[in-house]
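Structure, as structure tokens:
In the text below, chain A, chain B and the rest are named by the order of the sequence lines, each starting its count at 1. Side-chain atoms are counted along with the backbone in the values below, which use heavy atoms only and exclude waters and symmetry mates.
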Amino acid sequence: MTRDLFADLNEAQREAVRCVEGPLLIFAGAGTGKTRVITHRIAHLIYDIGIPAEHILAVTFTNKAAEEMRSRLAGLSEGTGDPEAAQRVFFSTFHRFCAWLLRNHGESLGVKRHFTIYDDADTTLLIKQILKSMDLDPSLYRPAVISALIDRAKNELRGPADVESSADGPVQEKGAKIFMEYERRLRENGVLDFSDLLVFSVRLLQTSESLRKHFQERFAFIHVDEYQDTNTAQYTLLRLLAEHRNLCVVGDDDQAIYSWRGADIRNILSFEKDFPNARVVTLQQNYRSSQAILDLAYRVIQNNRERADKRLMTTRTGGDAPMLYTAADGYDEASFVAMRARDLSAETPYSDMAIFYRTAAQSRRIEEEMMARGIPYVVVSGVGFYERREVKDLLAYLRILVNPADDAAFSRILNVPKRGIGDTTAAALAEAAKSAGIPQTELLSRLDQSTVSAAVRKKLVDLADLLVVLRKLAAELAIEELLRRIVSMTNYFDYLEKSDPAGFEERAANVQELYTVAQEFTRRSTDPSGALVSFLEEMSLLTDADRADSSADRISLMTLHAAKGLEFSAVFLIGMEEGTLPHASSFESEAELEEERRLCYVGMTRAKDRLFLSHAYSRKIYGESFDDIRPSRFLDEAGLEIPEQFSVIDTGRRFGSRHRPDEGPRRRVDDASANRVVRVPLDEDTAAFGVTPGDRVQHPVFGAGILLRITGRAEEATALVNFERAGRKRLKLAYAKLTRVD
DNA sequence: CCACTGCCGATTTTT
DNA sequence: TCGGCAGTGG
């Protein structure tokens with residue numbers, strides 16, 4: 001070891017790294033360097049203690065996090081005797097780890113080596129089919145609800161029978177029945193859904209003692225990132241693997257925002273009970289945000305009852321006081337964000353700014369504004385690349401080659417591109433396959449004349465022939481080449497152009513992108529024999545976030561959920577209103593409200609230097625206008641002073657709000673965007689000047705006016721005052737003699 | 001079989 | 001407001 005791993009760590013971090021044996025819980029608040037701690041700890045295990053790298057497992061929730069850790073560890077490995085060791089550490093997401101486990105050892109549970117994975121779209125479709133076959137009304141038993149119910153049950157390691165016995169109400173009762181059929185069909189198709197990856201892995205380790213022992217030895221040291229987000233299945237898996245108790249979990253209960261996905265915050269809160277004699281280290285030294293931002297966030301999160309108390313302190317200096325903008329409406333808010341972002345861009349690149357919102361739909365107005373002003377932006381997430389129709393279509397072809405029983409893939413390609421096979425034929429195929437007990441793919445050329453017309457039969461045979469040819473090509477060609485053949489043999493581009501002329505170019509580009517992805521994969525791949533299977537697995541387990549291009553200088557737009565784990569110099573948190581954040585659906589339950597609060601907290605703590613919060617009193621929701629929107633309770637909790645009502649005068653001069661002719665006459669207000677009072681809590685040094693936004697102030701030269709806002713702090717504090725006679729002026733508080741008048 | 005139209009419903013979405 | 005869908009006429 002040529003390098004002191006402890007040199008660049010603070011005391012708490014050192015303690016966490018040093019403690020290598022037995023259970024360890026690291027409470028890592030936002031921006032306290034948890035990735036640094038995990039990677040240093042792993043490096044310490046390898047290079048100082050001498051643990052073979054292949055005995056170390058590190059599990060994360062996202063591919064991105066896993067990659068980040070891997071590369072950080074690689075950085076630490078440079079210059080050591082064995083820099084390659086980092087490559088041998090098993091960094092993986094839970095799901096990828098499980099897929100790996102099942103590919104290699106799932107046979108005993110009836111999991112085929114070449115299983116394919118159903119994504120959300122596939123499972124929703126399957127549920128709809130089941131509803132139809134059971135003659136249930138989809139509006140009563142909504143597929144999304146049923147899907148959530150099933151997913152939830154699986155994450156809690158409960159089967160259809162468990163759901164049935166605890167059912168209260170018809171949805172759950174029928175849900176259990178649907179669940180049962182759902183499972184049957186997945187097994188019949190040789191496919192797993194996301195949760196199955198966890199469920200079967202748990203079952204595997206529970207049933208096979210030898211495998212359990214094997215993996216306990218193989219992974220003698222286990223690390224888990226974002227432990228607060230683990231669900232019951234994941235927790236159980238960890239318990240099975242970590243019988244040796246060398247389990248190090250890192251997390252922050254204040255950032256638990258996935259309970260609706262089955263994550264159980266109690267996993268982290270009761271770690272010490274689950275693993276007696278566990279060491280607990282709390283990281284509270286923040287390296288990311290200004291103290292003002294941390295304090296604001298703390299005031300909010302402090303209102304949660306179910307949390308371990310901790311408070312972040314920063315080393316970082318500078319930054320502006322967080323500010324609140326009270327907007328007239330959504331357009332005004334968007335306008336404010338855009339203008340402020342542009343101002344900021346003089347000193348901060350757009351790529352270091354972000355706009356967060358509670359629901360994806362909120363991005364629209366912002367996008368319009370950004371477009372109108374020519375501000376470069378990127379919506380993070382949105383419709384993922386892998387969920388694009390064209391991508392899914394082509395992947396479905398690959399899936400059906402790997403797993404002929406994959407019905408979701410089959411129904412996707414059956415009439416795509418259009419080859420004149422309709423619902424009637426599809427139903428006949430499905431029926432025949434069911435009674436014959438073989439996959440539909442195998443049956444294509446065997447449907448007899450009594451069920452389908454000669455013309456249709458010809459089409460089916462053609463498709464069958466196509467698949468035979470492709471299957472042969474699959475064994476010979478690289479994946480990219482195979483994809484190109486699929487596209488050319490099916491005239492896929494013609495189909496795309498015809499079915500969606502407007503979106504053709506973008507879709508074609510996505511297909512090209514898929515070629516590139518395939519090419520990349522082949523370049524990286526070490527095992528050509530199972531290439532197609534692992535390619536598909538990668539496609540299923542990858543998300544849009546994994547391909548985000550961070551090189552361009554664009555401001556990022558994303559939901560609060562998507563913001564976790566990121567940081568930006570400037571953050572805009574929009575739509576701070578009751579009903580939006582906290583979301584209306586959380587009003588009934590204290591637990592859900594606390595989760596909304598954590599969401600708010602996550603958003604705030606992403607900001608390094610500047611945090612802008614905004615809310616509007618009037619907003620259009622689903623095309624209907626509401627004028628009595630109440631500001632979010634979180635603003636109160638944050639200690640922000642909220643203007644009573646938006647009552648400012650507007651000259652109608654709206655920055656960038658394009659003329660909207662169908663909007664009717666707008667309330668005439670006098671120079672609204674400029675003359676709005678912006679209230680923010682002032683720190684001591686700034687408050688010492690004795691004036692605060694909203695005050696009526698007197699100046700020796702300019703006379704009386706309204707203090708609109710204060711930017712900067714202490715000696716740098718600048719007041720914007722709207723003087724009755726002299727108009728708007730910017731004045732340094734340190735020089736200008738402003739006095740409050742009542 | 002496919003294109004059009006009217007109606008319903010509308011969080012968040014690591015994998 | 002807008003997108004996804006079920007139902008209907010060509």
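In this structure, A:Asn267 atom CG and B:dT14 atom P are separated by 20 Å, rounded to whole Å. Here C:dT1 presents its C1' atom at 14 Å from CD of A:Gln362, a figure rounded to the nearest Å. Separating the OH atom of A:Tyr386 from the C1' atom of B:dT14 is a distance of 15 Å, rounded to the nearest angstrom.
Taking 4.0 angstrom as the limit, A:Thr60 places none of its side-chain polar atoms (N or O) nearer than this to OP1 or OP2 of B:dT14.
For A:Lys174, there are no side-chain hydrogen bond (donor to acceptor under 3.5 Å, both in side chains) partners, not counting sequence neighbours. Partners of A:Glu226 according to the salt bridge (charged side-chain N to carboxylate O under 4.0 Å, His left out) rule, which considers only residues two or more places apart in sequence or in another chain, are A:Lys34, A:Lys564. With sequence neighbours excluded, the residues satisfying side-chain hydrogen bond (donor to acceptor under 3.5 Å, both in side chains) with A:Asn304 are A:Arg597. With sequence neighbours left out, the salt bridge (charged side-chain N to carboxylate O under 4.0 Å, His left out) criterion links A:Glu595 to A:Arg598. Among residues two or more places apart in sequence or in another chain, the side-chain hydrogen bond (donor to acceptor under 3.5 Å, both in side chains) test is passed with A:Glu592 by none. Residues forming a side chain to side chain contact (heavy atoms under 4.5 Å, CB included) with A:Val59 (at least two apart in sequence, or on another chain): A:Leu57, A:Phe94. Evaluation of the side-chain hydrogen bond (donor to acceptor under 3.5 Å, both in side chains) rule for A:Lys392 yields A:Asp119, A:Asp122 as partners, not counting sequence neighbours.
If you check the side chains of A:Arg203 and A:Thr236, you find no donor sitting under 3.5 Å from an acceptor.
Looking only at distances, no side-chain donor or acceptor of A:Arg630 sits under 3.5 Å from a matching main-chain atom of A:Glu577. Side chain of A:Thr425 to backbone of A:Ile421: no donor-acceptor contact under 3.5 angstrom is found.
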Sequence-aligned protein contact record of nucleotides 7-13 of chain B, with B where the base is within under 4.0 Å of a protein heavy atom and S where only the sugar-phosphate is: ---BBBB
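Glycosidic conformation of B:dT12 is anti; the angle lies outside 90° of 0.
For the side-chain hydrogen bond (donor to acceptor under 3.5 Å, both in side chains) with A:Glu596, the qualifying choice from A:Arg358, A:His583, A:Arg633 is A:Arg358, the only one to do so. The only option from A:His615, A:Arg365, A:Arg619 that meets the side-chain hydrogen bond (donor to acceptor under 3.5 Å, both in side chains) definition with A:Glu333 turns out to be A:Arg619.
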What are the atom names and distances for every N/O pair under 3.5 Å that joins the protein to nucleotides 7-9 of chain C?
none

Between protein and nucleic acid, restricted to nucleotides 2-6 of chain B and to nitrogen or oxygen atoms under 3.5 Å apart, what atom pairs and distances do you find?
| residue | atom | partner | partner atom | Å |
| --- | --- | --- | --- | --- |
| B:dC2 | OP2 | A:Asn415 | ND2 | 3.3 |

Can you pull every protein N or O that's under 3.5 Å from an N or O on nucleotides 3-6 of chain C?
| residue | atom | partner | partner atom | Å |
| --- | --- | --- | --- | --- |
| C:dC5 | OP1 | A:Lys128 | NZ | 2.9 |

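Less than 6.0 angstrom separates the ring centroid of A:His561 from the ring centroid of A:Tyr258.
Seen from the ring of A:Phe115, A:Arg103 counts as a face-on cation partner, given the 6.0 Å and 45° thresholds.
Contacts between residues 227-239 of chain A and DNA chain B, counted as heavy-atom distances below 4.0 Å, involve A:Asp229.
Residues A:Leu429 and A:Leu414 are in side-chain contact: their nearest non-hydrogen atoms beyond the backbone lie under 4.5 Å apart.
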